[in-house]
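These values consider heavy atoms only, across backbone and side chains, with no hydrogens, waters or symmetry-generated copies.
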Amino acid sequence: MKIKNILLVIITPLSFLCQGQNVLTDIIHKDSLYEKYKEVFQHPEKYHLQVIYTQVNRDKKNRVTLKKYLLEPPTKRYYYPASLVKLPLVALALEKINRLKIENLTKDTRLYIDSSHPCETKEYFDTTSVSGYPSIAQYIKRMLLVSDNGAYSRIYEFLSPEYINKRLHEMGYVNTTINQRFTPRCDSTANRYTNHFFFVDENSSIIYDQPPAYNAGEIKNHAAHTIIGKAFQNGDKLLPPKNFIRNNYIPFEDENEVLLSLIYPHAVPPAKRFDLMAGDYSFLKKYMSMLPCESTYPTYDTTQYHDNYKKYIYFGTMSCIPDTTVRSYNIVGQAYGFLADCSYLKDSKTGTEFFLSILIYVNEKDILNTGDYQYKSIGMPFMSDMGHAIYDYELNRKKKKD
């Protein structure tokens, strides 16, 4: 077995050192994971396998440094990120509110959405919120709690693809392209247009009027090998493989970097930090870690939204998470056989903490859009077992405080 380990040691936010390590290999063999998932580990290309494990270390002054281990080298090979793109967008939405610097405009400000192009829809009310009206905060809650696609599309419209990609490229995520809503009726052309937004006070007086926008820029992504699968199922027809060249794309290591920056912003280079306030970080971490059953506005049917609805790493096989001190601050993606989870796990009792991001493709037939994928038989057990193996290793790892 050839398992490639790459270590990035963050000595300071601006200093990096690369060298080979065998930590992940040792963990995989020690916990018998290799024997259990030999097919996956022996064929990483087939399974699009990416595992990124990041250790959290603290010095005597409690300053955080990060050590990152990769099971496979970074790659530009296309995978469908699905809901992973929601994480940078929730951060960008809060950042945009801050940068507008408009009096009384906050994430909680009531808003109305108008429409002017095909596939766009209006929105004046939100029955999931305590006020009964939409807001940026409510959309973010829905996205982080249950990966709500409708809420994502509203944040996409608020930001616009031109703004999203320009800002992410400025931050160094130059191979990321986010250019689509999660609305099937919207094609590539329709996704260039975004809605008219009105932010109003309690008297319905307009605080901020954001006109509709059009993205004239390039919408092709920067990934390699964007044709996925043997075929694409469309109703009862079997079509040629789908080319994802005009779909959303974020390199998996970049997604992991976004998560690192939201949990420990001062442990990443300044250019990779979002322009957020302390309250913004607290808000995001609260709803990244919250379970659907713990939310009141919005409220969810727990027979549909189980505890592990978007908690795959460590909790992947538990529909009912027992009383535990372990929390997952995460974002997930699931579509076409691709299963992903980028997670920061912390045990408030033992102090154990680490980051673990996993991507795996579980589509044995390699035909897309069939719904016949091995999420529950391979993907989630793999993520759960990897989470427990890393946790056990971290629980006993000696941490030097230099």
### Task
Using modelled atom types only, decide if a donor and an acceptor are shared between the side chain of Thr183 and the backbone of Cys186 within a distance under 3.5 Å.
no
### Task
Report yes or no: do Asp126 and Thr128 form a side-chain donor-acceptor pair below 3.5 Å?
yes
### Query
Does Asn243 reach the main-chain N or O of Ile245 with its side chain, forming a donor-acceptor pair under 3.5 Å?
yes
### Message
What verdict does the side-chain hydrogen bond (donor to acceptor under 3.5 Å, both in side chains) test give for Ser357 and Asn256, after you've listed the backbone C-alpha separation in whole Å, the side-chain angles of each residue and the deciding distance to 0.1 Å?
### Response
CA-CA 7 Å; Ser357 296; Asn256 182 73; 2.7 Å; yes
### Message
For the residue pair Ser343 / Ser328, report whether a side-chain donor-acceptor contact shorter than 3.5 Å exists.
### Response
yes
### Query
Are the side chain of Arg142 and the backbone N or O of Gly150 linked by a donor-acceptor pair below 3.5 Å?
no
### Task
Indicate the ring-plane relationship of Tyr214 and Tyr193, choosing parallel, tilted or perpendicular according to the 30° and 60° boundaries.
tilted
### Message
Quick one about Gln233 and Lys242 (side-chain donor to acceptor, distance below 3.5 Å, no hydrogens or angles considered), yes or no?
### Response
no
### Query
Considering residues, nucleotides and ligands other than Lys346, do more than 12 of their heavy atoms fall under 6.0 Å from its NZ?
no
### Parallel, tilted or perpendicular, as decided by the 30° and 60° cut-offs, for the rings of Phe41 and Phe382
tilted
### Task
Consider only side-chain N and O atoms of Tyr300 and Glu294, and report whether a donor and an acceptor are under 3.5 Å apart.
no
### Message
Once you measure the plane-to-plane angle for Tyr309 and Tyr305, does it fall in the parallel (<30°), tilted (30-60°) or perpendicular (>60°) bin?
### Response
perpendicular
### Query
If you measure only the distance, is there a donor-acceptor pair under 3.5 Å linking the side chains of Asn330 and Asp341?
yes
### Message
If the threshold is 4.0 Å, N to carboxylate O, is there a salt bridge linking Asp347 and Arg327?
### Response
no
### Message
Between the side chains of Glu45 and Arg77, is the shortest nitrogen-to-carboxylate-oxygen separation below 4.0 Å, so that they form an ion pair?
### Response
yes
### Query
So among Tyr329, Tyr264, Tyr391, which one has a side chain to side chain contact (heavy atoms under 4.5 Å, CB included) with Glu353?
Tyr264
### Query
Do the two ring centres, one from His29 and one from Tyr34, sit under 6.0 Å apart?
yes
### Side-chain (Asp114) to main-chain (Lys122) donor-acceptor, under 3.5 angstrom
no
### Side-chain H-bond candidate by donor/acceptor type, Arg397 with Asn57, under 3.5 Å
yes
### Message
More than 12 heavy atoms of other residues, nucleotides or ligands under 6.0 Å from NE2 of His117: yes or no?
### Response
yes
### Query
Do you see a donor-acceptor pair shorter than 3.5 Å between the side chains of Lys86 and Ser147?
yes
### Exercise: identify the closest heavy-atom pair between Arg192 and Ala216
NH1-C, 3.6 Å
### Query
Would Lys365 and Tyr373 satisfy side chain to side chain contact (heavy atoms under 4.5 Å, CB included), going step by step from the backbone distance to the final call?
CA-CA 8 Å; Lys365 293 181 180 178; Tyr373 313 121; over 6 Å; no
### Message
With heavy-atom distances below 4.5 Å as the criterion, would you say the side chains of Ile331 and Met288 are in contact?
### Response
no
### Task
Start with the C-alpha gap between Glu120 and Arg185, add the side-chain angles, then the distance that decides, and say whether salt bridge (Lys or Arg N to Asp or Glu O under 4.0 Å) holds.
CA-CA 9 Å; Glu120 293 183 354; Arg185 63 181 178 276; over 6 Å; no
### Query
Side chains of Ile207 and Val200: does their closest heavy-atom pair fall under 4.5 Å?
no
### Message
Checking Asp209 against His196: is there a side-chain donor and acceptor pair closer than 3.5 Å?
### Response
yes
### Query
Does Val258 reach the side chain of Tyr173, with side-chain heavy atoms less than 4.5 Å apart?
yes
### Message
Nearest 0.5 angstrom please: Leu24 CG to Met386 CE, how far?
### Response
6.0 Å
### Validation row: Lys68, Glu257 side chains within 4.5 angstrom (heavy atoms)
yes
### Message
If we count only N and O atoms by modelled type, under 3.5 Å, do the side chains of Thr303 and Asp301 hold a donor and an acceptor together?
### Response
yes
#### Entry: Test item: Gln50 and Tyr79 side chains (from C-beta on) under 4.5 Å apart, heavy atoms
no
### Query
If you draw a 6.0 Å radius around NZ in Lys349, do more than 12 non-hydrogen atoms from other residues or ligands fall strictly inside?
no
### Task
May I ask you to decide if the ring planes of Phe197 and Phe158 are parallel, tilted or perpendicular, using 30° and 60° as cut-offs?
tilted
### Query
Is the Tyr361 to Tyr47 ring centre distance short of 6.0 Å?
no
### Task
Answer yes if the side chains of Thr121 and Ser115 hold a donor-acceptor pair under 3.5 Å, and no otherwise.
no
### Query
For the ring pair Tyr336 and Phe244, is the centre-to-centre distance below 6.0 Å?
yes
### Message
Just to verify, which of Phe125, Tyr139, Tyr297, Phe199 counts as forming a ring pair (Phe, Tyr, Trp, His ring centres under 6.0 Å) with Tyr133?
### Response
Phe125
### Message
Less than 4.0 angstrom from a charged side-chain N to a carboxylate O is my criterion; do Lys30 and Asp26 meet it?
### Response
no
### Query
For residues Asn369 and Asn234, is any side-chain donor paired with an opposing acceptor at under 3.5 Å?
no
### Query
In Å, rounded to the nearest 0.5 Å, how long is the span from CD1 of Ile140 to CG of Leu145?
11.5 Å
### Query
Is the distance between the ring centroids of Tyr112 and Phe198 under 6.0 Å?
no
### Message
Measuring from atom CE of Met380 to atom OG1 of Thr317, what distance do you get when rounded to the nearest 0.5 angstrom?
### Response
10.0 Å
### Query
In this structure, are over 12 heavy atoms from other groups packed under 6.0 Å from Lys46 atom NZ?
yes
### Task
State whether the number of non-hydrogen atoms from other residues, nucleotides or ligands found under 6.0 Å of Glu202 atom CD is greater than 12.
no
#### Entry: Asn363 and Gln374: side chain donor to acceptor below 3.5 Å
no
### Test item: side-chain donor near acceptor, Ser135 and Asp108, under 3.5 Å
no
### Reported OG1-to-CD distance for the pair Thr302 and Gln304, which is rounded to 0.5 angstrom
10.0 Å
### Query
What do you reckon, are the aromatic ring centroids of Tyr80 and Phe338 less than 6.0 Å apart?
no
### Query
If every non-hydrogen atom of Pro161 is compared with every non-hydrogen atom of Ile178, which pair is closest and at what distance?
CB-O, 3.7 Å
### Task
Report yes or no: do Asp385 and Tyr37 form a side-chain donor-acceptor pair below 3.5 Å?
yes
### Message
In the structure I gave you, are the side-chain heavy atoms of Pro381 and Lys376 within less than 4.5 Å of one another anywhere?
### Response
no
### Task
Check whether any side-chain N or O of Asp59 sits under 3.5 Å from a backbone N or O of Asn62 as a donor-acceptor pair, and report yes or no.
yes
### Message
We want to know whether Gln334 and Tyr312 form a side-chain donor-acceptor pair, criterion being a heavy-atom distance below 3.5 angstrom.
### Response
yes
#### Entry: pair Ile52-Glu253: side-chain heavy atoms closer than 4.5 Å
yes
### Query
Any idea which heavy atoms bring Phe182 and Ala82 closest together, and the distance?
CZ-O, 3.3 Å
### Query
For Leu89 and Tyr156, which heavy atoms make the closest approach, and how far apart are they?
CD2-CA, 4.0 Å
### From CA spacing to verdict: side-chain hydrogen bond (donor to acceptor under 3.5 Å, both in side chains), Asn179, Asn165
CA-CA 8 Å; Asn179 55 22; Asn165 294 304; over 6 Å; no
### Query
Are any non-hydrogen side-chain atoms of Tyr344 and Leu262 less than 4.5 angstrom apart?
no
